[in-house]
Amino acid sequence: MKLRAIELRRLAVPLVRPFRTSFGTQSERDVLLVRVVTDDGEGLGECVALAEPVYSSEYVAAAQSVIADHLAPRLFAVRDLSGRGVQPALAGVIGHRMAKAALETAVLDAELRGYGVSLARYLGGVRDRVECGVSIGIAATIDALVEEVSGYLAQGYRRIKLKIEPGWDWEPVTAVRAAFGDDLMLQVDANTAYDAASAPRLRRLDAFGLLLIEQPFVEEDIAGHAALARSMSTPICLDESIVSASIAADAVNRGACSIVNIKAGRVGGYIEAVRIHDVCASLGVPVWCGGMLETGVGRAPNLALAALPNFKLPGDTSASDRYFAEDITEPFVLHDGCLKVPQGPGIGVDVRQDLVEQLTTSVQLLRA
Ligand code: OSB
Ligand code: MG
């Protein structure tokens with residue numbers, strides 16, 4: 001394929017409820033949609049960067065800027081572009097994985113639409129529906145949290161993830177266990193809010209039989225996570241720390257985690273995400289699919305990825321209505337705690353152009 005143009009479109013999409021984590025509160029999604037136009041058709045990807053650099057160093061305005069000034073020119077220069085060719089073509093630019101992933105997804109979408117092949121099939125998916133969990137923000141009160149969990153369980157979600165931080169950890173987990181019992185699949189996510197001094201708070205969570213504790217310490221602290229893992233019975237899962245397959249293998253080999261959260265955006269795209277899946281499988285480490293509050297454009301490829309065999313735990317792949325009053329694609333609906341893996345060519349979904357236009361805050365067109 002020859003790349004002719006790239007459209008960068010920003011949308012402001014309100015969330016149905018504010019989402020509070022240890023790094024801040026999100027009430028609206030500042031979405032960057034990347035559309036590639038090739039001589040062989042078009043493709044679409046969603047950049048998962050947040051509006052501010054609070055989850056990782058990337059943020060949406062920087063992603064747009066690096067695409068326009070540094071990534072797009074490298075892709076325009078490729079004679080025969082394919083999805084697999086994106087990462088090598090962009091390797092000269094350090095980091096900016098979320099920006100690179102959005103481009104790779106859009107190019108893969110265009111390529112696979114041309115073949116009439118779904119992304120799930122292309123990546124090696126083995127199931128047509130995936131089990132879903134839900135990630136629940138820090139609530140105003142314990143009662144409000146219990147009510148929120150109760151609502152999601154009534155909808156059929158198969159596991160609950162609670163966001164925690166020092167001061168909101170033992171109490172919410174105690175309350176959720178008391179209300180819903182020990183059989184509930186329950187895990188927590190600290191988004192790096194702890195350090196060696198606050199680690200004793202985490203060790204108290206061993207009493208609750210949690211599935212895992214996600215990313216307690218800063219992303220660079222592999223040694224700290226390894227020491228914590230040795231001191232606790234609850235499995236440690238890494239999210240922010242895992243930015244490539246080689247880092248994943250290193251973290252596992254050093255004992256820093258025994259479960260991995262995979263987000264294609266965080267690792268530079270779906271091709272690298274599959275490498276992480278594969279290396280974790282070879283090391284006997286289960287993985288699950290994380291989320292970044294994506295619209296349907298980003299949710300569809302996440303479900304394709306989650307269809308791979310070593311995705312052994314329910315993901316943060318929740319239904320459209322957990323995030324948005326109206327999704328920009330056909331809505332993803334929970335059936336028996338699962339979402340269907342899109343089977344159409346490419347990412348398998350199309351946007352509702354009328355709604356996209358309504359939500360658009362800016363459009364930038366880049367030409368070869
Ligand atoms: O750490 O997994 C995280 C959302 C934004 C940024 C980071 C994270 C999250 C979530 C929500 O936990 C996942 C989702 O439902 O999309
Ligand atoms: Mg996380």
Side-chain angles (χ1 to χ4, degrees), residues 13 15-32 46-60 63 97-98 101 130-139 148-149 152 155 157-165 168-169 186-194 210-219 225 235-243 248 251 257 259-267 273 287-303 305-306 313-324 327 332 334 339:
V13 191
L15 292 169
V16 288
R17 50 164 33 125
F19 183 63
R20 183 176 154 211
T21 65
S22 59
F23 60 72
T25 302
Q26 319 289 312
S27 357
E28 187 180 77
R29 200 67 181 86
D30 184 349
V31 174
L32 171 60
E46 174 173 346
C47 181
V48 303
L50 300 180
E52 295 183 287
V54 287
Y55 162 79
S56 72
S57 63
E58 291 191 79
Y59 61 102
V60 67
R97 291 180 174 89
M98 294 175 179
V130 301
E131 291 192 302
C132 299
V134 59
S135 173
I136 301 182
I138 295 167
E148 201 178 332
V149 172
Y152 288 128
Q155 291 174 36
Y157 284 104
R158 302 251 178 132
R159 73 96 172 102
I160 296 294
K161 159 168 143 182
L162 302 181
K163 291 291 189 178
I164 60 167
E165 65 184 6
W168 181 266
D169 41 25
L186 182 63
Q187 64 192 54
V188 295
D189 185 359
N191 289 112
T192 76
Y194 293 78
L210 301 176
L211 288 172
L212 58 89
I213 297 180
E214 188 179 341
Q215 197 71 43
F217 301 153
V218 292
E219 63 179 84
H225 284 109
I236 303 300
C237 169
L238 292 178
D239 171 358
E240 285 88 333
S241 295
I242 306 298
V243 298
C257 65
I259 299 175
V260 169
N261 165 330
I262 302 186
K263 295 176 181 169
R266 193 191 64 226
V267 306
V287 304
W288 56 279
C289 186
M292 291 290 289
L293 313 172
E294 292 92 340
T295 71
V297 172
R299 191 159 314 284
N302 281 346
L303 292 166
L305 179 67
L313 294 164
D316 284 346
T317 46
S318 308
S320 293
D321 67 1
R322 178 257 174 271
Y323 308 95
F324 312 109
D327 208 332
F332 285 91
L334 204 66
L339 289 186

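In each ligand, atom 1 is the first atom listed, and ligand 1 is the first ligand listed. Along the sequence shown, residues carry numbers from 1. Predicted, not measured: the structure shown is a model, and the values here were computed from it. Just so you know, these numbers use all the heavy atoms, side chains as well, and skip hydrogens, waters and symmetry mates.
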- Message: Under 4.0 Å, heavy-atom basis, I'd like to know which part of Val134 is in contact with ligand 1: side chain, backbone, both or neither.
- Response: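 The answer is neither.
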- Side chain, backbone, both or neither: Thr21 near ligand 1, heavy atoms under 4.0 Å: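 Neither; no heavy atom under 4.0 Å.
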- Could you give me the CA-CA distance, side-chain angles and deciding distance for Leu162 and Val149, then say whether side chain to side chain contact (heavy atoms under 4.5 Å, CB included) is met? CA-CA 9 Å; Leu162 302 181; Val149 172; 4.2 Å; yes
Nearest atoms (heavy-atom pairs only) where [X] meets [Y]:
| X | Y | result |
| --- | --- | --- |
| Tyr194 | Phe217 | O-CD2, 3.3 Å |
| Pro314 | Gly133 | CB-N, 3.9 Å |
| Cys289 | Leu305 | SG-CD2, 4.5 Å |

So is there a nitrogen or oxygen of [X] less than 3.5 Å from a nitrogen or oxygen in ligand 1?
| X | result |
| --- | --- |
| Lys163 | yes |
| Met292 | yes |
| Lys161 | yes |
| Asn191 | yes |
| Phe23 | no |
| Lys263 | yes |
| Tyr323 | yes |

- Message: Is there a side chain to side chain contact (heavy atoms under 4.5 Å, CB included) between Tyr152 and Ser318? Walk through the geometry before answering.
- Response: CA-CA 10 Å; Tyr152 288 128; Ser318 308; over 6 Å; no
N/O/S atom name from [X] that is nearest to the position of the Mg ion (ligand 2):
| X | value |
| --- | --- |
| Asp189 | OD2 |
| Asp239 | OD2 |
| Glu214 | OE2 |

Which ligand 1 atoms, with their elements, are less than 4.0 angstrom from a heavy-atom of [X]?
| X | answer |
| --- | --- |
| Ser135 | 10 (C), 11 (C), 12 (O) |
| Tyr55 | 1 (O), 7 (C) |
| Glu214 | 2 (O) |
| Asp239 | 1 (O), 2 (O), 3 (C) |

- Message: Do Gln215 and Thr192 have side chains that approach each other closer than 4.5 Å (heavy atoms only, starting at C-beta)?
- Response: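 Yes, at least one pair of side-chain atoms sits under 4.5 Å.
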- Check whether any side-chain heavy atom of Ser56 lies under 4.5 Å from a side-chain heavy atom of Glu240, and answer yes or no.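 Ser56 vs Glu240: side chains apart.
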- Message: Just to be sure I'm reading this right: ignoring hydrogens, which of Cys289, Ser56, Gly315, Gly291 gets closest to atom 9 (C) of ligand 1? Compare them by their nearest heavy atoms.
- Response: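 Considering heavy atoms of Cys289, Ser56, Gly315, Gly291, the nearest to atom 9 (C) of ligand 1 sits in Gly291.
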- Item | Heavy atom of the protein closest to atom 16 (O) of ligand 1 (residue, atom name, distance) |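 Here the closest protein heavy atom is Leu293 N, 2.8 Å.
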- Message: Among all the protein's non-hydrogen atoms, which is closest to atom 4 (C) of ligand 1, and how far away is it?
- Response: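 In this structure, atom 4 (C) of ligand 1 has Phe19 CE2, 3.6 Å as its nearest protein heavy atom.
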- Task: Determine, step by step, whether Asn261 and Arg266 satisfy the side chain to side chain contact (heavy atoms under 4.5 Å, CB included) criterion, reporting the C-alpha distance in whole Å, the side-chain angles of both residues, the deciding distance to 0.1 Å, and the verdict.
- Result: CA-CA 10 Å; Asn261 165 330; Arg266 193 191 64 226; 3.4 Å; yes
- Message: If the contact criterion is a heavy-atom separation under 4.0 Å, does Gln215 count as touching ligand 1?
- Response: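 Contact absent.
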- For Glu52, look at atom CD and say whether over 12 heavy atoms of other residues, nucleotides or ligands are found less than 6.0 Å away.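 Open.
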- Message: Just checking Tyr59: does its OH atom have more than 12 heavy atoms from other residues, nucleotides or ligands closer to it than 6.0 angstrom?
- Response: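 Not buried by this count: 12 neighbours or fewer within 6.0 Å.
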- Item | N, O or S of Glu240 under 2.8 Å from the Mg ion (ligand 2) |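 So Glu240 does not count as coordinating the Mg ion (ligand 2).
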- Task: Flag Asp316 as yes if one of its N/O/S atoms falls below 2.8 Å of the Mg ion (ligand 2), otherwise no.
- Result: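 So Asp316 does not count as coordinating the Mg ion (ligand 2).
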- Charged N to carboxylate O below 4.0 Å: is that the case for Glu165 and Arg20?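 Looking at Glu165 and Arg20, the cut-off is met.
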- Query: Does a side-chain N-to-carboxylate-O contact under 4.0 Å join Asp316 and Arg159?
  - Reply: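 Salt bridge present between Asp316 and Arg159.
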- Arg97 side chain to Val243 main-chain N or O, any donor-acceptor pair under 3.5 Å?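 Yes.
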